[in-house]
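What follows is one structure encoded as structure tokens, with my remarks underneath.
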Amino acid sequence: MQRTTVLSALFIVAVLIVPGTAFTSKSLDINVDTEGSALISLDYELNIFEDIAVWLNIVDPAESIKNAIESNTGRPTEVYSVTGRSAVFRVAQFATTSQTDGKITQTTPQISFAQAEEALKGQWFSFLISKDLSPATTSVRFPDGYTQTYTEQLVIPTLTHTSQI
């Protein structure tokens with residue numbers, strides 16, 4: 001009985017002290033292929049409460065990110081793989097692609113995590129988790145090796161790149 005009281009008290013103290021450390025989106029990599037499809041990889045960290053919420057199936061980071069990608073691109077997104085600290089998605093026709101005069105032009109859609117961030121704020125468990133979903137670094141890579149990098153951006157803008165075929 002006394003042990004349960006001590007554990008409950010420690011849990012309450014932890015809930016009051018730890019919410020500042022939470023879901024951290026470390027890196028987002030978007031690799032566009034020549035047809036415009038993309039593999040999107042996200043590496044993240046979870047705090048102990050988020051680990052428990054995932055373990056109890058209260059939240060599913062991969063599903064939340066998948067929904068954010070689909071709402072931004074209008075394209076079906078396949079969850080390719082998931083681990084405890086990363087998720088990889090495949091999006092067919094992610095970038096619009098056109099070819100003219102021996103050049104290929106690809107335009108990626110804007111990706112915003114603002115809607116997912118707002119949805120998290122409305123959940124009963126939101127006081128346990130971070131509500132900042134902006135990746136620390138985002139890299140968009142095109143087939144010719146060109147890479148555009150962003151830092152701490154909640155919205156990744158549309159990007160157009162032209163290269164030789």
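Being a predicted model, the structure only gives us computed values, none of them experimental.
In this structure the side chain of T105 never reaches within 4.5 angstrom of the side chain of T100, judged on heavy atoms. A heavy-atom distance below 4.5 Å is found between the side chains of I69 and V91. Between S27 and D29 there is a side-chain heavy-atom pair separated by less than 4.5 Å. For the pair F142 and T108, the minimum side-chain heavy-atom distance is below 4.5 Å. Looking only at side-chain heavy atoms (C-beta outward), Q106 and S163 stay at 4.5 Å or farther from each other. Between F94 and I111, the closest side-chain pair of non-hydrogen atoms falls below 4.5 Å. The shortest distance between side-chain heavy atoms of L39 and F89 does not fall below 4.5 Å. Proximity of P109 to N72: side-chain heavy atoms (C-beta onward) are nowhere separated by under 4.5 Å.
E78 places no side-chain N or O within donor-acceptor distance of the main-chain N or O of Y80, the cut-off being under 3.5 Å. The main-chain N or O of G145 is found under 3.5 Å from a side-chain atom of T147 such that the two form a donor-acceptor pair. R90 places no side-chain N or O within 3.5 Å of a backbone atom of A38 that could act as its donor or acceptor partner. A side-chain donor-acceptor contact under 3.5 Å links D33 to the backbone of E35.
Look at R85 and D43 and you find no salt bridge, because none of the NZ, NE, NH1 or NH2 atoms lies under 4.0 Å from a carboxylate O.
By the criterion of side-chain heavy atoms lying less than 4.5 angstrom apart, applied directly or through intervening Ile, Leu, Val, Met, Phe, Trp or Tyr residues, V88 is not grouped with I30; the two fall into different hydrophobic clusters.
When all heavy atoms of E70 and T77 are compared, the pair lying nearest together is OE2-N, 2.9 Å. What you find for S37 and A92 is that their closest heavy atoms are OG-CA, 3.4 Å. Between T97 and G36, the closest heavy-atom pair is OG1-CA, 3.5 Å. In terms of heavy-atom proximity, E152 sits nearest to S134 at OE1-OG, 3.6 Å.
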